[in-house]
Each structure stands twice: as C-alpha cells, then as structure tokens.
Amino acid sequence: MSVRIGTLLSMRRIGVAERRARLGIRHLLAAPGDGAVEAAQGVVALHGTDAASVYLSAAARMRAPAMDAIDAALYDERALIRILGMRRTVFVLPVELAPIVQAACTDAIAARERRKLVQFLTEAGVGTSDVAGWLTDVGESAVQALRERGEALSVELSAAEPRLREQFVVAPGKKYEAQVSVAGRLLPILAAEGRIVRGRPRGTWLSTQYRWAPAEAWLPDGLDTWSADAAQAELVGRWLAAYGPGTAADIKWWTGLTFGEVKRALAKIGAVEVDLAGLTGYVLAEEVEPVAAPEPWVALLPALDPTPMGWTERDWYLGDHRAALFDRSGNIGPTVWCDGRIVGGWAQRPDGEIAVRLLEDIGDRAKDVTVVAERLGAWLGPARFVPKFRTPLERDLSA
C-alpha cells in the first residue's frame, strides 16, 4: 500500500475509535434492526458459504431474532437471494442487489468458469468434438427440466437430463485430483449466469444441499441490465457506506476487483480521501463528518461473519488475535466483540453450551458477554453445528 505523506497532511484523519463506532452503528451491532433483510443491507451481503453463519449473522443484527423470520425472508418472501459474487464466493444478499453484483462481479466469473469447464471436458473426452456446444445443450435441457418441476435437487435434475451424470477427472495426476460430475460443475455455472438459483435446502437450516429453482422464481422480471463499470461503482459505493473508511486494498480484496477497477469506481462515485493512521483511505463525500460513539455493546459473531471479513487491513479491530481466530486460508472463526473490536472467540460444544474465551481483559464487560452467550445458546436450542472452516480457538473450545 503506497502512502502519500504530502497529501495526508491535508486530509481529515479518522482514528481507530471512530472507525469502531462506525462499524457498530452501520453493521447493526450496537443497535440491531428489524429483520433479516435489514441485517443483510447493513453489511451489504451475508457470507453464504457456511449455512449456519447466514442465520447466526442475521440473528446477531436483529432486535427480535427468529428462525422462521429468516427462513421467510429467504424462501417465502424471497427478499434475499444466494448468489456467487465477490471473490467467487457465495453470498446471501437483498434481491435488489443481485443485478449489481451480477454485472460487477459474477458475469466475469461465470464466463471464466464455463471456459474452464469446457477445457476440463475436452481433456477428459466428455461430450462430442464440439464440447462447448454440447455443454450449452445440456445446460438448456437442465434449465427447461427445472422450469417444468419448479424446484429440484441436483440428483433429480440428473435423472431428467442424464448427461448431467457424466463423470470426469479434474487435475489428473495431481494431489488435488478429483472425479466430479457434469452436474456438480455446470449447475453452479448456470446459477452464476443468472439462469437458476439456490433455493430451499434439503433438510434443516444447517443443510448445505440446496434445491435449484429457476431464476424467475426470485427475479420474476429478470436481472436489470447494468454495465460493468456502473455496477462496480455502485458496489464500491455500497461497501463504503457500510465499511468505510477503508483503503483501496480493502476494497480490492472484498470485491475481488482489480486495483484499476477499484480506482475507476472510486473516481466515479467521488469518494473522498482520508488519513487512516498514515494510510490513504476513502469515504463517501456525505460521510466525511465525525461519528459519535454508540452505546456500549457486545456481540458473538459466527465464523465467516461479514464484519470481521470486511477488510484486509484488520489490525484496528483484530489486534494480535489473528493466529487464534483465523485458519490457514484466511477464514475467520466465531468471534467475541466489544465496542467495535474483537476480544475473544467462542464455540458450540457437543452438549449445546456456548463456550467463550476472552483473549484480553475487558473488565466488567465480561458479564455482558456471558449474558449474550447464554442467550445465543437458548436461541439455538437443540440445533448443533460445526463451522465449515475450523480455526484453532474454535477447535480447542468445542472439544
């Protein structure tokens, strides 16, 4: 990250205390909101890789969290949608944001993934001499079968379109060699192309096996058309509204865009430069003024929660707790927060107890953490879950 010392002198400086205040207010942790959609809007999108995290992240930001209310927003009202987006990661986001993420990130991802699949199939000898045409035909058939059924599991679609069952080997001879089906690779690509969506899971809210549904079930009028440049500018603006101030490196990491795309987006929305302890940061022009601290708050956030995963420059809220709370791939585990900073971690034990370990002394505020942990355990009831990506402290506490 380059630092321009001369220009920093003329910038407004936003310190750590104010950044933590903004985080608590905007992410609905200091004062929770009314529902799951508002919870997602507060952080732009909920991380959707881990099924449990979607519900736990939403609940942490709801004044009266209820499992059926989150379910309703996802599958009955269809106000939230699962979509492959930033960093080639699945997110749960407000349905009105889907066209923006699609044009800003997902269209390019879908094109790359289809090219890769054609290459894999060609190398494996699957299909015909025209592998791209064969794959297009299989996809059209699968979408039509899905429209006739309304909703279907992958295995059900494969019964309707047997070519989806075709098996092939990826990376033969390498340590990560794997045998996969056409369905396992093509259906996510069709979703990335905006043609189908991940619907209600098979089983409980903790299941990661989703039924597929036609895109029009969530988007009856289809995806609004955005140019890539306009969508990227809108997405960066929404990130700044929720996470700003942040550096260009933060925005690049979160969005998965290039530095060039980030710089163009910042210029397009008229973002203002600020001084972040010697680094150049950015805020929206209407949000340059200081923000007052909210009332004291504590929160237990799940693995892969969007708040701790919102920046790549994390020292101002993470401190020196990285080794205990992140895995080797950069995925964060369950965290304990106090007034805008991470102060510990937590885990659910096999008997349902929410075990907490504070990594720094927060005095009497530890009592508030205990209350929140007990409340979370009661809310979960008999449900048991293990994060998809295990971290050192979570493993230790859950034993």
Side-chain angles (χ1 to χ4, degrees), residues 1-34 37-45 60-61 63 93-94 96-97 100 104 230-255 257 259 262-299 301 305-319 337-342:
M1 169 64 65
S2 62
V3 181
R4 295 174 293 167
I5 301 298
T7 59
L8 286 175
L9 296 175
S10 61
M11 296 179 190
R12 183 167 106 72
R13 190 172 194 275
I14 298 182
V16 168
E18 186 178 342
R19 295 188 76 181
R20 291 174 176 173
R22 289 175 182 244
L23 179 158
I25 295 166
R26 293 173 179 177
H27 290 198
L28 304 181
L29 296 170
D34 290 329
V37 175
E38 188 178 350
Q41 290 169 335
V43 289
V44 184
R61 295 168 171 86
R63 191 174 298 110
L93 46 85
E96 67 271 13
L97 188 56
I100 297 164
Q232 288 167 2
E234 179 70 19
L235 185 61
V236 169
R238 293 192 182 220
W239 185 90
L240 282 177
Y243 296 88
T247 65
D250 290 327
I251 300 168
K252 175 184 181 296
W253 179 83
W254 189 88
T255 59
L257 302 177
F259 267 123
V262 169
K263 289 293 187 181
R264 285 194 295 273
L266 289 168
K268 190 176 182 68
I269 63 177
V272 175
E273 293 184 344
V274 293
D275 173 10
L276 301 179
L279 296 178
T280 300
Y282 298 88
V283 294
L284 295 175
E286 62 270 25
E287 296 191 346
V288 174
E289 294 304 312
V291 172
E295 292 296 314
W297 60 273
V298 298
L301 300 183
D305 185 85
T307 295
M309 295 293 287
W311 299 263
T312 191
E313 308 274 1
R314 296 168 174 151
D315 290 350
W316 60 275
Y317 63 88
L318 178 59
W337 289 71
C338 180
D339 299 334
R341 72 188 195 279
I342 294 175

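To the nearest 0.5 angstrom, Thr280 atom OG1 is 4.0 Å from Met11 atom CE. Taken from CG in Asp339 to CG in Leu23, the straight-line distance is 11.0 Å, to the nearest 0.5 Å. Atom-to-atom distance recorded for Leu235:CG and Leu240:CG is 10.0 Å, nearest 0.5 angstrom. For the atom pair OH (Tyr243) and CE (Met309), the distance works out to 10.0 Å, reported to the nearest 0.5 Å. Rounding to the nearest 0.5 Å gives a distance of 6.5 Å between CH2 of Trp337 and CG of Leu301. To the nearest 0.5 Å, atom CD1 of residue Ile269 and atom CZ of residue Arg264 are 13.5 Å apart.
Shortest non-hydrogen contact noted between Pro32 and Ala60 is CG-O, 4.5 Å. What you find for Leu276 and Pro245 is that their closest heavy atoms are CD2-CG, 3.6 Å. Ala104 and Ala231 get closest at one heavy-atom pair: N-CB, 3.6 Å. Contact record, Ala285 with Val272: CA-CG2, 3.6 Å, taken as the closest heavy-atom pair. When every heavy atom of Val44 is checked against every heavy atom of Ala242, the shortest pair comes out as CG2-CB, 3.8 Å. Taking all atoms of both residues into account, the shortest heavy-atom contact from Ala249 to Thr312 is O-CG2, 3.6 Å.
Side chains of Thr307 and Val43 form a contact here, defined as non-hydrogen atoms less than 4.5 Å apart. Asp250 places none of its side-chain heavy atoms less than 4.5 Å from the side chain of Tyr282.
Partners of Ala265 under the side-chain contact (heavy atoms from CB on, under 4.5 Å) rule, at least two apart in sequence or in another chain, are Ala233, Val236. Scored by the side-chain contact (heavy atoms from CB on, under 4.5 Å) test, Ile25 finds Val291, Pro294 as partners (sequence neighbours excluded). When the side-chain contact (heavy atoms from CB on, under 4.5 Å) test is applied to Asp34, the partners found at least two apart in sequence or on another chain are Glu38, Arg63. Shown here are the ring-ring contact (aromatic ring centres under 6.0 Å, His included) partners of Trp316, two or more places apart in sequence or in another chain: Trp311.
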Would you check, one step at a time, whether the test side-chain contact (heavy atoms from CB on, under 4.5 Å) holds for His27 with Asp305?
-> CA-CA 11 Å; His27 290 198; Asp305 185 85; over 6 Å; no

List the steps, then state whether side-chain contact (heavy atoms from CB on, under 4.5 Å) holds for Arg13 with Val274.
-> CA-CA 6 Å; Arg13 190 172 194 275; Val274 293; over 6 Å; no

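Sorted by first and then second residue, the pairs that involve residues 238-248 and meet salt bridge (Lys or Arg N to Asp or Glu O under 4.0 Å), not counting sequence neighbours, are Glu234-Arg238. Residues in residues 15-25 take part in these side-chain hydrogen bond (donor to acceptor under 3.5 Å, both in side chains) pairs, two or more places apart or across chains: Arg12-Glu18, Glu18-Arg22.
Counting heavy atoms of neighbouring residues, nucleotides and ligands inside a 6.0 Å radius, atom CD of Glu286 exceeds 12 of them.
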